[in-house]
Amino acid sequence: MRTKYCGTISADDIDKEVVICGWVNSRREHGEHLAFLDIRDHTGVIQCVVDAKNVFRSETVVKIKARVRRRPEGTSNESLATGEVELFDCELTVLSEAAPLPFAIDGHHETDEQIRLRYRYLDLRRERMQYNLRLRAKVISAMRRAMEEEGFLEVETPLLWTPTPEGAREFAIPSRLQPGCFYVLPQSPQIAKQLLMVGGFDRYFQVARCLRDEDLRADRQFEFTQLDLEASFIDEEDIRSFVTKAVIDATTAATGEESLQDYLSEIPIFTWREAMERFGSDKPDLRIDTEIVDLGKGLEFTSFKAFQAESVKGLLVKKGACYSRSKLDQLIERAKALGAKGLVWMKVIPSSDDDEAATAGDISKGSKSLESPIVKFLSSEEVQYIIDSTSAEVNDLVLIMADSWKLASSVLGQLRIENCPSKESSKRFRFCWIKDFPMFEGLDEDGNLIAAHHPFTMPHEEDMDLMDRDPLRVRAKSYDLVLNGWELGSGSIRIHRSDIQAKVFTALGISEEEAEQRFGFLLKAFSYGAPPHGGFAIGIDRLVAILAGEDTIREVIAFPKTQSGTDLLTGAPKQISLKQLRELNISVKGK
RNA sequence: GGACCUGUGGUGCAGCUCGGAGUGCACGCCGGCCUGUCAAGCCGGAGGUCGCGGGUUCAAAUCCCGUCAGGUCCGCCA
């Protein structure tokens, strides 16, 4: 039907006849005998010279047979890739007329997301979505290639799976042939891929759709896509190297910048404990340089009651001394909203000769003064210690929290993200690994431990003896991949020995009968010779969103749902007919 | 389940604090003019349940209550 894409026509085509197809992007009329139509396809735009009777409304789909010529002297358009040439002698066929559009395709102003989603097919025509979805395809393609180069085999697993009540809420699918019974859509192919390991496919991967019936967020949809992988006879480092290759290849393919390889290939690894200590988060944003500082040592014997806590930590806010009193009050409120009892601030200001404020105390060397509601409760050594530990300079602000280790860390970690500037640098993509997560998160109402991951995660061998004595200190052989403060994926080495599995089930308060009922088929599979194995899953939507510079994964999904789980384009979810319900043996209660 | 933000011709915004006639800007749409524009330009026109419901008031886009939709977040997401 066509011989050329619009955006690819160049001076090389001058005097040639071409046939193009596309949408009317814009038109400029100059009277009866001269008008310009810009025709657009996904490659770009080309100007066609026509007469007025061949002018059609924007977004009309046309086919144009025409000749290419150099534009007349002085009329070329340098801001257009095809701006040197134009089509003339146009034989124009209207393939499909367009009604006036609800919003403009050319993105000169933002359109409300609600309207974009209602007319998603129009939104998809826009450059932003064209770019994002093509970027997504590049990323997935690069990942597939990376996995295949490492000897991984792509295997599909069922969407209609069995309920394994744990973790995320599942979507249930009623069975027509087995009345009253349900399949569920998989939260992830976790168990299926472990069965593939038992089945001897020792390197598996899949671009897998996962489904979780949980509340939606900017980085969470009901359905999302993972690069899911699992391998046998490997250790943690092997998994990290497979995943590293996949994400670096994907990033390089997406950006086209080979130069990124150098810093990307050295992904730092933090233990969970270390990440919490230094960044106050298990998904630290490394684009922010500032780290949380432990002040426990120098304040060990402080007489200031509020600082007599399990943990005292400080956060330096560069140039923060200019914060107003109300801004500081907001910070304290924010800390309280995050669960803190309080927050102490300390401004470092230039010392002045007529310094007489009751709240200000001189520190040594005379160049710095402090302004803080609590400085009078601290010794000058303690104050100096805080200044030195945080490397605070004149015009900086120090935030200090005394609380439990976990709370002090996580609250300052959140304040770090909200108040400390991230560095503008060439290192746009800051990956890191977090490993050695705690095996258990805490206790539930019944006093049972709560698994931090799924119950098949292998504990560290050297922590096995803690399982009975101090289970909360047991570290798991699990690892997360983090990019710019987003959790990109996680994985673990799995338990393949029944004695360890039994211990973990016991710790979690899962009885033998219950384990048998929930995962019996998996445990049975493990009894017939299961290889040591482990794996990982990378959130592709999140990765692509970050690579595309988007704030939500909806921008990299063709047809996403709203926060309340509806599809504004189709109107789903909808009621189904009584006939359908009868076939499924389902009756619906009124609201 | 909870907190906060948004909702004004087809689109994007202003108007809301301090109530006074649906007032304004840009784009689009319709008609006219225009032979080198390129987000063309010029002239004219049409287009509104100010999300919806209630309340306060002589008077509500504006203040109050409720509700719906969209978003951000908490809870939730092994």
Side-chain angles (χ1 to χ4, degrees), chain A residues 25-40 45-52 55 57-59 71-84 86 88 98-119 122-123 164-170 186-188 190-191 210-222 224 333-334 337-339 414 418 437 439-441 444 449-457 476 478 487 490-492 494 504 508 510 518-519 537 539 551-552 554 560-566 568:
Chain A
N25 198 58
S26 63
R27 58 221 154 106
R28 298 174 289 282
E29 269 186 88
H30 289 263
E32 204 180 339
H33 299 294
L34 179 67
F36 301 100
L37 285 184
D38 285 350
I39 307 300
R40 180 194 75 239
V45 162
I46 181 80
Q47 170 168 292
C48 306
V49 184
V50 297
D51 53 28
V55 173
R57 196 185 284 134
S58 289
E59 299 306 308
R71 290 195 186 184
E73 188 76 31
T75 63
S76 62
N77 181 353
E78 284 181 15
S79 60
L80 204 62
T82 59
E84 221 182 321
E86 63 188 10
F88 73 111
L101 265 63
F103 58 87
I105 301 300
D106 54 22
H108 296 298
H109 48 67
E110 281 288 308
T111 303
D112 190 76
E113 193 179 3
Q114 205 167 343
I115 292 159
R116 291 175 57 204
L117 290 181
R118 191 180 312 147
Y119 300 95
L122 295 179
D123 189 41
T164 53
E166 22 135 4
R169 190 178 299 111
E170 296 161 325
Q187 315 164 25
S188 85
Q190 181 60 40
I191 293 176
C210 307
L211 299 111
R212 296 179 188 174
D213 189 2
E214 298 289 352
D215 286 2
L216 292 79
R217 287 283 196 283
D219 61 350
R220 277 159 40 187
Q221 285 269 304
F222 283 152
F224 56 98
E333 284 313 306
R334 178 67 181 139
L338 293 165
Q414 192 58 39
E418 292 167 9
F437 280 77
M439 188 80 184
F440 308 105
E441 249 165 21
D444 65 15
L449 291 160
I450 302 164
H453 298 263
H454 58 72
F456 314 114
T457 301
S478 65
E487 182 191 320
S490 64
S492 63
R494 328 295 184 188
V504 171
L508 292 173
I510 299 174
R518 281 165 63 177
F519 321 109
D551 292 331
T552 99
R554 294 189 300 278
K561 297 198 174 39
T562 65
Q563 195 158 42
S564 54
T566 61
L568 296 179

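Just so it is clear: chains get the letters A, B, ... in the order the sequence lines come, proteins before strands, and each one is counted from 1. Hydrogens, waters and symmetry mates are skipped; everything else that's a heavy atom, side chains included, is used.
Taking atom NZ of A:K561 as the reference point, atom C1' of B:A69 lies 18 Å away to the nearest angstrom. Following rounding to the nearest Å, A:E170 (CD) and B:C76 (P) show an atom-to-atom distance of 18 Å. Between the CZ atom of A:R118 and the P atom of B:G51 there is a distance of 15 Å, rounded to whole Å. Between A:D106 atom CG and B:G12 atom P there is a gap of 14 Å when expressed in whole angstrom units. Computed from coordinates, the A:I105 CD1 to B:C27 P distance equals 18 Å when rounded to whole Å. Between the P atom of B:C77 and the CG atom of A:L211 lies a distance of 17 Å, rounded to the nearest Å. For A:E214 and B:C77, the CD to P distance is 6 Å, given to the nearest whole Å. Between the CG atom of A:L216 and the P atom of B:C73 there is a distance of 11 Å, given to the nearest Å.
Residue-level contact check: A:E441 touches neither bases nor backbone, having no heavy atom under 4.0 Å from any strand. Contacts of A:I115 with the nucleic acid, taken as non-hydrogen atoms under 4.0 Å apart, involve only primed sugar atoms and P, OP1 or OP2. Residue-level contact check: A:Q563 touches the bases, meaning some heavy atom is under 4.0 Å from a base atom. In this structure, A:A35 reaches neither bases nor backbone, as no heavy-atom distance under 4.0 Å exists between it and the strands shown. Contact annotation for A:R554: backbone-only contact, meaning every heavy-atom pair under 4.0 Å involves sugar-phosphate atoms and none involves a base. Using a 4.0 Å heavy-atom cutoff across all strands shown, A:P72 reaches at least one base atom of the nucleic acid. Nucleic acid contact class of A:T566 (heavy atoms, under 4.0 Å, all strands): sugar-phosphate only. Note on A:E113: only backbone sugar-phosphate atoms sit closer than 4.0 angstrom, heavy atoms only; bases stay farther off. Residue contacts for A:A451: at a heavy-atom cut-off of 4.0 Å it reaches the sugar-phosphate backbone alone, with no base atom in range. At a threshold of 4.0 angstrom between heavy atoms, the contacts of A:N77 include nucleobase atoms, whether or not backbone atoms are also involved. At the heavy-atom level, A:T75 lies under 4.0 Å from base atoms of the strands shown. A:S76 comes within contact range of at least one nucleobase, with a heavy-atom separation under 4.0 Å.
Heavy atoms only, all atoms of each residue included: A:G565 and A:F222 are closest at CA-CE1, 3.6 Å. Here the closest non-hydrogen pair linking A:R40 and A:N25 is NH1-OD1, 2.7 Å.
Comparing B:A78, B:G70, B:C38 by their closest approach to the side chain of A:R28 singles out B:C38. For A:R217, the listed nucleotide lying nearest its side chain is B:C73; candidates were B:U35, B:C73, B:A78. Of the candidate nucleotides B:A78, B:U35, B:G71, B:G71 has the atom nearest to the side chain of A:T562. Side-chain proximity of A:H30 to the nucleotides B:C29, B:G36, B:A78 is greatest for B:G36. Distance from the side chain of A:E86 is smallest for B:U37 among the nucleotides B:U72, B:U37, B:G70. The nucleotide whose nearest atom lies closest to any side-chain atom of A:D38 is, among B:C38, B:G70, B:U35, B:C38. Considering only side-chain atoms of A:V49, the nucleotide from B:G70, B:C77, B:G36 that sits closest is B:G36.
To the nearest whole angstrom, the two C1' atoms, one in B:G51 and one in B:A60, are 16 Å apart. The C1' atoms of B:A69 and B:C63 are separated by 23 Å, rounded to the nearest whole Å. With both ends at atom C1', the span from B:G55 to B:G71 equals 28 Å, rounded to whole Å. To the nearest whole angstrom, the two C1' atoms, one in B:G41 and one in B:G47, are 24 Å apart. Between B:C64 and B:C16, the distance separating the two P atoms is 14 Å to the nearest Å. Distance noted for atom C1' between B:C42 and B:U35: 16 Å (whole Å). With both ends at atom C1', the span from B:A78 to B:U6 equals 35 Å, rounded to whole Å. One P atom belongs to B:G24, the other to B:G9, and the distance between them is 15 Å to the nearest Å.
Under the stacking criterion of a centre-to-centre distance below 5.5 angstrom and an interplanar angle below 30°, A:F36 sits stacked against the six-membered ring of B:U37.
B:A40: no Watson-Crick or G-U partner with both key distances under 3.5 Å is found in any strand. Of all nucleotides present, none satisfies the Watson-Crick or G-U wobble test against B:G75 with each distance under 3.5 Å. Checking B:G66 for Watson-Crick or G-U wobble geometry (two distances, each under 3.5 Å) identifies B:C52 as its partner. Pairing of B:U23, defined by two Watson-Crick or G-U wobble distances under 3.5 Å, is identified with B:A14. When both distances must be under 3.5 Å, the Watson-Crick or G-U wobble mate of B:G45 is B:C29.
Contact between the side-chain N/O atoms of A:S26 and the OP1/OP2 oxygens of B:A40 is found at a separation under 4.0 Å. Taking side-chain N and O atoms only, A:R27 has no distance below 4.0 Å to OP1 or OP2 of B:A39. For A:S79, no side-chain nitrogen or oxygen approaches OP1 or OP2 of B:C38 to under 4.0 Å. Neither OP1 nor OP2 of B:G28 sits under 4.0 Å from any side-chain N or O of A:R57.
A:I191 has its side chain within reach of A:F456: a pair of non-hydrogen atoms, C-beta onward, lies under 4.5 Å apart. Counting only heavy atoms from C-beta outward, the side chains of A:D219 and A:E487 never approach each other to under 4.5 Å.
A donor-acceptor contact under 3.5 Å is not formed by the side chain of A:D112 with the base of B:G7. Side-chain atoms of A:Q47 come within donor-acceptor range of the base of B:U37, with a qualifying N/O pair under 3.5 Å. For A:R220 against B:C76, a side-chain N or O and a base N or O form a donor-acceptor pair under 3.5 Å.
Dense packing is recorded around CG of A:D51, with more than 12 heavy atoms of other residues, nucleotides or ligands lying under 6.0 Å away. At most 12 non-hydrogen atoms from other residues, nucleotides or ligands lie less than 6.0 angstrom from CD of A:E78.
Comparing A:S188 and A:R334 along RNA chain B, the residue whose closest nucleotide (by nearest heavy atom) sits nearer the 5' end is A:R334. If A:T111 and A:R71 are placed on RNA chain B by their nearest nucleotide, the residue sitting closer to the 5' end is A:T111.
A side chain to side chain contact (heavy atoms under 4.5 Å, CB included) with A:T164 is found for exactly one of A:E170, A:R518, A:H454, namely A:E170.
Partners of A:A168 by side-chain contact (heavy atoms from CB on, under 4.5 Å), not counting sequence neighbours, listed by chain and number: A:Q187, A:R212, A:E214.
Residues A:S492 and A:H453 bring no donor and acceptor atom of their side chains to less than 3.5 Å of each other.
Residues A:D38 and A:R28 are paired through a salt bridge, judged by an N-O separation under 4.0 Å between the basic side chain and the carboxylate.
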